Amino acid sequence: MTVQTMLEKLVSFPVLGGESNLEIIHWIKDYIESFGISTTLVPNKENTKASLHCRIGPAVDGGVILSGHTDVVPVKGQPWTTDPFELVDKSDGNLYARGSCDMKGFLACCLTALPDMVEAELKTPIYFAFTYDEEIGCLAAEALIENIKASYSEFPKYAIIGEASMLKPIIGQKSIHIIDITVNGSEGHSSRIKQEVSAVHEAARIVLWAEQKMNDLIDSGSSDERFNPPHSSLHTGMINGGIAPNIIANKATLSLDIRCLPQDDANQLYQDLRDYCKSREKEMQSIFSGFEIEVTENHPIVPSFSTSETSAAVHLISKITGNKEWQTVSYASEAGHFANAGFESIICGPGSIAQAHRADEFISKDQLNKGVEMMYALVKHLETA
């Protein structure tokens, strides 16, 4: 199969984050096994989803993991001009479909190069590691990584996470934590604002606390100029509450997006938030005993990662792509999970992240072809490494 034909097949599986990916993962499994490669599925508890990993080449230390995810973000409400789950060639050099860029383009490159990987005399192995539910918090990464470590006697050295980077090495990402908060106050006439507890007012205090916490981190000197912005950020993206201007709101909800630099402690920030909310509960329960602030994780912390611009992983990417210009990003990926597990991790994949998560998502044919060339260059490198 050509890389375009492979991508056409992969995007035809409309697997959104949170949904079952069994149809696409079993298709990938069958394709890989048709070349005589054994695969391992790592299912969720309900057996409705599964990750996949496999090894191509000898069972020796020092191999390279190629990591990608099979799920995509929703299309509902977006002004698509084509069928999102049908690969469309508009003769403008681009291929349009949901997931074409993020990140089935990378999966297509891996699978297209599989026959060459199998036929090559690899001195060190290549591993595929494909997950589900990446788009809703990288929920499957830890279980897949633990299964990889338990399944092979040898230990891979590198993990290349194929998020769209225009095939440039990405040497760092911020952690990401989404937190949902529900404030339960007391309802009443607006003239009794001092005798009741307004959920809206308390929600606003949490928003201001988050902004002040971000400013305190900036003032403390915690910064990394490799990132834009060069500091950790706390942002309230959603807030809702109240039913009328003259009624004290008994309920308000808000969601915080926290993105931490690698040197800042995301877990401590979460605890600081919980401590602040507990302090507000204690103070306002003297007015309304039923006052409560519920703090829940929308998804667990997606860990940050950082590697030196002179690391062996950067050197490897430069060797197989020719790109020496590194970058950092603030979007989520599974790179932090792999780095925490002891693999030298780096992000590198075809396509531009600017095209991801939007209507008429696309990947250029040039990037897709260069992604396959990267795979061939990796094979050649590992035949001598």
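Quick caveat: nothing in here was measured; it's all calculated off a predicted structure.
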Within one Ile-Leu-Val-Met-Phe-Trp-Tyr cluster: I161 and V314, side-chain cutoff 4.5 Å: no
Would you call the rings of F35 and Y31 parallel, tilted or perpendicular, where under 30° means parallel and over 60° means perpendicular? perpendicular
Determine whether the aromatic ring centres of residues F13 and F85 are separated by less than 6.0 angstrom. no
For T48 and N44, does a side-chain donor sit closer than 3.5 Å to a side-chain acceptor? yes
D360 (side chain) donor-acceptor with T81 (main chain) under 3.5 angstrom: yes
Student check: side-chain heavy atoms of I243 and E187 closer than 4.5 Å: yes
Carefully, step by step, assess N250 and S186 under the rule side chain to side chain contact (heavy atoms under 4.5 Å, CB included). CA-CA 5 Å; N250 67 351; S186 57; 5.8 Å; no
Counting N and O atoms only, with roles assigned by atom type, does the side chain of N21 sit under 3.5 Å from a partner on the main chain of I24, one being a donor and the other an acceptor? no
Same hydrophobic cluster for Y270 and V183, using side-chain heavy-atom links shorter than 4.5 Å among ILVMFWY? yes
Spell out, as yes or no, whether a donor-acceptor pair under 3.5 Å connects the side chain of E361 to the backbone of G99. yes
Could you tell me which residues satisfy side chain to side chain donor-acceptor pair (under 3.5 Å) with K29, sequence neighbours excluded, listed by chain and number? E33
S222 and S220: side chain donor to acceptor below 3.5 Å: no
Is a side-chain donor or acceptor of S151 paired with a backbone partner of N147 at a separation under 3.5 angstrom? yes
Mark yes or no for whether R205, through its side chain, and C277, through its backbone, hold a donor-acceptor pair below 3.5 Å. no
Check for me, please, whether I171 and L66 land in the same ILVMFWY cluster - side-chain distances under 4.5 Å, paths through other members count. yes
Using only atom types and a distance under 3.5 Å, with no angle test, would you say the side chain of R226 pairs donor to acceptor with the backbone of G172? no
Establish whether Y132 and I25 are linked, either directly or via other cluster members, by ILVMFWY side-chain heavy-atom contacts under 4.5 Å. no
Show your working on side chain to side chain contact (heavy atoms under 4.5 Å, CB included) between H235 and L256 and close with a plain yes or no. CA-CA 6 Å; H235 166 252; L256 297 181; over 6 Å; no
Can a side-chain donor-acceptor contact be found between D180 and S255 if the only test is distance below 3.5 angstrom? yes
Might you confirm whether atom CD of E142 has over 12 heavy atoms from other residues, nucleotides or ligands at distances under 6.0 Å? no
Ignoring hydrogens and geometry beyond distance, is a side-chain donor-acceptor pair present between H357 and D102 at under 3.5 Å? yes
Just by distance, with hydrogens left out, do Q271 and N267 show a side-chain donor and acceptor under 3.5 Å apart? no
Set of residues satisfying ring-ring contact (aromatic ring centres under 6.0 Å, His included) with respect to F305, sequence neighbours excluded: none
After noting the C-alpha distance and the side-chain angles of L52 and I32, does the key distance pass the side chain to side chain contact (heavy atoms under 4.5 Å, CB included) rule? CA-CA 11 Å; L52 175 149; I32 293 172; 3.9 Å; yes
Show me the side-chain donor-acceptor pairs of residues 341-355 shorter than 3.5 Å, one per line, residues at least two apart or across chains.
residue	atom	partner	partner atom	Å
S345	OG	A339	N	3.1
S345	OG	F343	O	3.1
S352	OG	A354	N	3.1

Residues forming a salt bridge (Lys or Arg N to Asp or Glu O under 4.0 Å) with E283, sequence neighbours excluded: R280
Indicate yes or no: at least one non-hydrogen side-chain atom of F227 is less than 4.5 angstrom from one of P262. yes
Could you check whether E373 pairs with K370 (Lys NZ or Arg NE/NH1/NH2 to Asp/Glu carboxylate O, under 4.0 Å)? no
So does H201 have more than 12 non-hydrogen atoms from other groups sitting under 6.0 Å from NE2? no
What residues form a side chain to side chain contact (heavy atoms under 4.5 Å, CB included) with M103, not counting sequence neighbours? H69, F106, E163
Under a 4.0 Å threshold between the charged nitrogen and the carboxylate oxygen, would K365 count as salt-bridged to D89? yes
S190 side chain vs I248 backbone, donor-acceptor pair below 3.5 Å: no
As a quick check of understanding, evaluate ring-ring contact (aromatic ring centres under 6.0 Å, His included) for F130 and H53, giving each step before the final call. CA-CA 6 Å; F130 302 156; H53 65 82; over 10 Å; no
Given 3.5 Å as the limit, does a donor-acceptor pair link the side chain of T236 with the main chain of M238, or not? no
Dump the intermediate steps for side chain to side chain contact (heavy atoms under 4.5 Å, CB included) on K49 and D133, then the final yes or no. CA-CA 9 Å; K49 309 169 189 176; D133 283 358; 2.7 Å; yes
Looking at every heavy atom in both T131 and L144, which two are closest together, and how far apart are they? CG2-CD2, 3.3 Å
Could you check whether N215 and E211, counting side-chain N and O atoms only, form a donor-acceptor pair closer than 3.5 Å? no
Residue among R259, H299, E297 satisfying side chain to side chain donor-acceptor pair (under 3.5 Å) with H177: E297
If we ignore hydrogens and angles and just use 3.5 Å, is the side chain of S12 paired with the main-chain N or O of K9 as donor and acceptor? yes
Under-4.0 Å salt bridge between D92 and K90: no
Suppose clustering is done on Ile, Leu, Val, Met, Phe, Trp and Tyr with side-chain heavy atoms closer than 4.5 Å. Which residues sit in the same group as L7? V3, V11, L87, L95, I363, L368, V372, Y376
How about M6 and C109: do any of their side-chain heavy atoms sit closer than 4.5 Å? no
Are the side chain of T112 and the backbone N or O of A108 linked by a donor-acceptor pair below 3.5 Å? yes
State whether a side-chain donor-acceptor pair under 3.5 Å links S333 with Q173. yes
How about H189 and S191: does a side-chain donor come under 3.5 Å of a side-chain acceptor? yes
